[in-house]
Amino acid sequence: MKTPPESYLIFKEELKKAKLEKEKLKKEYEEKFMEMNKELSRLKEQISSQQDLMKTTLEYAIRLEENLDHFRNEVATTHSKTRNSFL
């Protein structure tokens, strides 16, 4: 049996190294991709929480404003009634 030429053996070894490097890079890429997805999920959760907090804050501010308007009207009504009672 004839031995393959040296250039073929070198090429075969280089091809094997390239495949191993490709697998290594693929694994690193997949790990980074999963890490980025986790970070993206965490950021989405934070944004959602902040949106909920802002919504709650706005609703509270609106209720306070309505209560303040109601209180002002009540004070004005009471003030005008007390003026009229002295006349």
Side-chain angles (χ1 to χ4, degrees):
M1 196 165 138
K2 206 171 169 186
T3 58
E6 188 177 337
S7 61
Y8 173 76
L9 296 175
I10 292 172
F11 174 75
K12 190 175 178 182
E13 187 65 30
E14 290 297 318
L15 186 61
K16 187 177 180 180
K17 286 180 186 177
K19 285 181 181 179
L20 289 174
E21 183 66 22
K22 180 182 173 184
E23 286 299 315
K24 180 182 171 189
L25 289 173
K26 182 180 178 183
K27 194 174 193 178
E28 286 177 15
Y29 170 78
E30 287 174 352
E31 287 174 3
K32 285 184 179 184
F33 186 71
M34 289 182 68
E35 189 177 311
M36 288 176 64
N37 277 338
K38 286 180 186 177
E39 182 68 21
L40 183 60
S41 294
R42 192 168 43 249
L43 289 172
K44 283 180 180 180
E45 187 178 321
Q46 286 178 349
I47 289 171
S48 177
S49 295
Q50 288 176 352
Q51 285 176 334
D52 289 344
L53 181 64
M54 288 172 60
K55 182 180 175 185
T56 304
T57 303
L58 284 172
E59 288 171 354
Y60 181 69
I62 290 169
R63 272 197 319 265
L64 283 177
E65 191 173 3
E66 289 170 353
N67 288 344
L68 183 59
D69 287 342
H70 178 71
F71 181 70
R72 283 182 183 155
N73 290 339
E74 208 175 288
V75 168
T77 304
T78 305
H79 184 67
S80 66
K81 284 182 182 178
T82 55
R83 272 191 183 170
N84 292 339
S85 66
F86 288 116
L87 292 175

Table please: side-chain donor-acceptor pairs of residues 45-58 below 3.5 Å, with sequence neighbours left out.
{"from": "Ser49", "atom 1": "OG", "to": "Glu45", "atom 2": "O", "distance (Å)": "3.1"}
{"from": "Thr56", "atom 1": "OG1", "to": "Asp52", "atom 2": "O", "distance (Å)": "2.9"}
{"from": "Thr57", "atom 1": "OG1", "to": "Leu53", "atom 2": "O", "distance (Å)": "2.7"}

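- The side-chain hydrogen bond (donor to acceptor under 3.5 Å, both in side chains) pairs that include a residue from residues 58-75 are His70-Glu74, where partners are two or more places apart or lie in different chains.
- Remark: Glu39 CD is packed, more than 12 non-hydrogen atoms of other residues, nucleotides or ligands lying under 6.0 Å away.
- Note that NZ of Lys38 is 8.0 Å distant from CD of Glu35, once rounded to the nearest 0.5 Å.
- A distance of 5.5 Å separates NZ of Lys17 from CD of Glu13, quoted to the nearest 0.5 Å.
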